[in-house]
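Structure, as structure tokens:
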Amino acid sequence: MKNILTITRLTINEALARKNFIMFFIISTLVLLVILGVFVSTDIEELIGSIQLKGEKFHGDILSQLSQFFRLIIVMPLYAGGLFISIFSVSSFIPHLLEKGTVDIFLSKPISRPQLILGKYLGGIVVVLINVLYLVVGIWILTGWKFGNWDPAFLSTAFSITFAFSVLYALIIFIGILTQSSVLAMMLSYLIFFVLSPLLVNREKIAVFFGGKVLSVILDGLYYLIPQTSELGTITSRIAGADSIESFTPIYVSFAFIILVLAVSIIIFNKKDY
Amino acid sequence: MNVIEVNDVTKIYNGGIKTPKVTALKNLTLNVSEGTIFGLLGPNGAGKTTLIKILLGITFQTIGTAKILGQDISNYRVKSKVGYLPENHKFPPYLTGEQLLKFTAQLTGTYEKNVNKKIYELLDLVKMTKWGKTKIKKYSKGMMQRLGLAQALVNDPALIFLDEPTDGVDPIGRKEIRDILLDLKSRGKTIFLNSHLLSEVELVSDRVAILNKGQLIQEGTVEELTTAKEVYKITFDDELNNEQVNGFSDYSLKPEGNKSYSVKVSDPEKLNKLIDDIRKKNINIKSIVPLRKSLEDMFISLIKESDKENKKYFNNNG
Ligand SMILES: Nc1ncnc2c1ncn2[C@@H]1O[C@H](COP(=O)(O)OP(=O)(O)OP(=O)(O)O)[C@@H](O)[C@H]1O
Ligand SMILES: [Mg+2]
């Protein structure tokens, strides 16, 4: 465990030194500033008035519903954007590690190969968690200040976003070990995140549209094989809206995915010559 | 005690779609004893780096076993007592020299409170103190190599692998590195050295081995290897005239300059016979010594010989 944590710490240092942190921090700060600008320039009384003019009726606590609404519309862009930058910043971790001349340095140390991979995995997750926490806490403080809603449930989205990231990160590590290409790892993650996962959520409709039992079975298989980032997004938005989560299955499936992919990555890495 | 034991190790790199299989090491057996400097020589592609990588678990042998510091090489923990300077190393360019040494201390599990003191001692040793706070990406090749040597010593290793340590280092720096190696040896460390610079290896190594195409073709002390068998250098009081030189029908004396001649004899008996013959002719002998070649001459002739044999083998076996 000590060895894993050493690698984790060095990975965080590397992210700091390679300016991944700064980039993330700057983008997050810009987003927070934009939200701040919007909040400063809108007057709550006016907003409520204009909504009521349209005939909408509020029941109970108007302010908390408004802030809930705001957090709901912000959470999906936050989820997509956060994952986008996270994937971008970690995709080169493994290829950098495996570069000729660098890999020798790590492998010649009293640290086993599984420890090396797990340390890198944890390191990436910590880096992303810190960054996402900054953004989520920032939004929470802004909405709390504006609407007086300090419901802490919203804060847990930082963890669900990081969890979704950790699923894709396992895949990034796998591709990194297999091909040593950060571009490929990044592309595949984006493909899953923006195309495959959203499509597979609607696999039943697709199967019905094209017809065919075989297709339906294949799509079902893919659905469980490919990281379910869309479902994790849905869970995140329900957390943000303080709704109850309908199904925990995507979380279990994702956990199984992480373990399986990391295990296979380690097995492959254990046998590779450098 | 043997600090390195290599037992019948063969390494075959599996080729890819376009690249053929390569046998980088072939039935290699080798021992290095504690507290010595061992030089491994060989032409490019001989398999020198491959051997070090196998011993450090960077690459895996196809067949055979090996031990370092008494432990099987599959035991990664033994590497806490090992230092390594890789060839063509690429240290994280965003670190400064000082940070790299700290980084290595962390990786080897030897990071302590007084690490700073240790780091500056090492930077001092390799004459890099004033560059400690400069980023590695601004270093010259020789500076990188000096720092590389320092990082190989951070964990106070018992066994040190150096893959071409003087690559890109100026002559003064090379001398400094040699002195460091000798000092390490005097403190009981074992050093395994890969190099092309034969004259240098000759100066520091206790034993050397020569590798060609993955096979060990010679191993021994520098003296054993450079002493040409059965060739002696005889020095006389005076220059011999032609008649005298050709007067020994069973022997051929080759002038070596300065009243000296080399002669090849098949056994010590013949040498004594030659001495008798010379004395009979009343020629004064000043000295007779076994002729030593430079390691470089010996290396070149050995490699040529081994390549010739390989060719013969292939011609006979298709
Ligand atoms: N990772 C690898 N994959 C495939 N072949 C390799 C690999 N590394 C080395 N080889 C091959 O193994 C052989 C031995 O290489 P090695 O690097 O051990 O030689 P060397 O003696 O260190 O040479 P040099 O003096 O040039 O450093 C070469 O033919 C090389 O092409
Ligand atoms: Mg080499």
Side-chain angles (χ1 to χ4, degrees), chain A residues 1-23 89 92-120 122-123 127 177-181 266-274, chain B residues 11-14 22 24 49-50 52-62 68 71 73-96 99-100 102-111 135-137 144 148 151-152 154-155 157 160-161 163:
Chain A
M1 196 62 201
K2 185 171 153 263
N3 285 345
I4 297 180
L5 292 181
T6 300
I7 298 295
T8 302
R9 191 165 58 230
L10 293 177
T11 305
I12 297 167
N13 289 350
E14 179 178 342
L16 275 170
R18 289 195 192 268
K19 313 263 187 292
N20 300 17
F21 254 119
I22 293 289
M23 182 192 74
S89 29
S92 63
F93 278 10
I94 293 290
H96 272 311
L97 171 75
L98 299 183
E99 251 174 70
K100 207 168 156 53
T102 304
V103 69
D104 312 64
I105 295 164
F106 283 91
L107 294 182
S108 62
K109 299 297 180 287
I111 291 173
S112 70
R113 293 191 180 202
Q115 288 168 344
L116 199 52
I117 292 303
L118 292 177
K120 280 275 155 190
L122 261 181
V127 167
I177 289 173
L178 216 57
T179 68
Q180 288 181 37
S181 157
I266 287 171
I267 290 170
I268 294 174
F269 187 50
N270 261 341
K271 291 193 176 144
K272 266 200 147 182
D273 285 334
Y274 289 98
Chain B
K11 171 65 190 175
I12 301 168
Y13 283 110
N14 282 327
V22 177
T49 300
T50 300
I52 292 188
K53 284 185 173 181
I54 287 175
L55 293 174
L56 290 172
I58 299 166
T59 281
F60 302 105
Q61 73 271 33
T62 314
I68 51 176
Q71 306 266 342
I73 48 172
S74 59
N75 178 1
Y76 69 89
R77 287 190 185 86
V78 67
K79 288 184 268 186
S80 61
K81 284 261 149 260
V82 173
Y84 176 39
L85 169 64
E87 77 175 346
N88 305 323
H89 44 72
K90 203 169 162 221
F91 299 121
Y94 50 83
L95 296 179
T96 63
Q99 286 168 338
L100 176 76
K102 277 188 192 161
F103 168 93
T104 314
Q106 287 177 321
L107 282 176
T108 49
T110 51
Y111 192 92
K135 288 231 163 92
I136 294 176
K137 63 179 165 204
M144 214 97 93
Q151 66 83 43
V154 163
N155 53 332
I160 304 153
F161 290 95
D163 204 342

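Here is the naming used below: chain letters follow the sequence lines, and residue numbers restart at 1 for every chain. Just so it is clear, the structure is predicted and the values come from calculations on it, not from any experiment.
The two residues B:K79 and A:S108 come nearest to each other via the heavy atoms CD-O, 3.5 Å. Here the shortest heavy-atom pairing between B:I58 and A:D104 reads CD1-O, 3.8 Å. The two residues A:K100 and B:K90 come nearest to each other via the heavy atoms O-CB, 4.0 Å. Closest approach of B:G109 and A:K2 over heavy atoms only: CA-NZ, 4.4 Å.
Both the backbone and the side chain of A:T102 come within contact range of chain B, each with at least one heavy atom under 4.5 Å from a heavy atom of that chain. With a 4.5 angstrom heavy-atom cutoff, A:E14 touches chain B via backbone and side-chain atoms both. Both the backbone and the side chain of A:I111 come within contact range of chain B, each with at least one heavy atom under 4.5 Å from a heavy atom of that chain.
Ring pair A:Y274/B:F60: centre-to-centre distance not below 6.0 Å.
A:N13 is not listed as a side-chain neighbour of B:Y94, based on a closest heavy-atom distance of 4.5 Å or more. Two residues are said to be in side-chain contact when any heavy atoms from C-beta on lie closer than 4.5 Å; A:D273 and B:K11 meet this criterion.
Contacts with chain B were tallied for A:R9, A:Q115, A:H96, A:R113; A:R113 has the most, counting heavy-atom pairs under 4.5 Å.
The local environment of NZ in B:K135 is sparse, with at most 12 non-hydrogen atoms from other residues, nucleotides or ligands closer than 6.0 Å.
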Start with the C-alpha distance between B:Y76 and A:N3, add both sets of side-chain angles, then the distance that settles side-chain contact (heavy atoms from CB on, under 4.5 Å), and finish with yes or no. CA-CA 12 Å; B:Y76 69 89; A:N3 285 345; 4.1 Å; yes
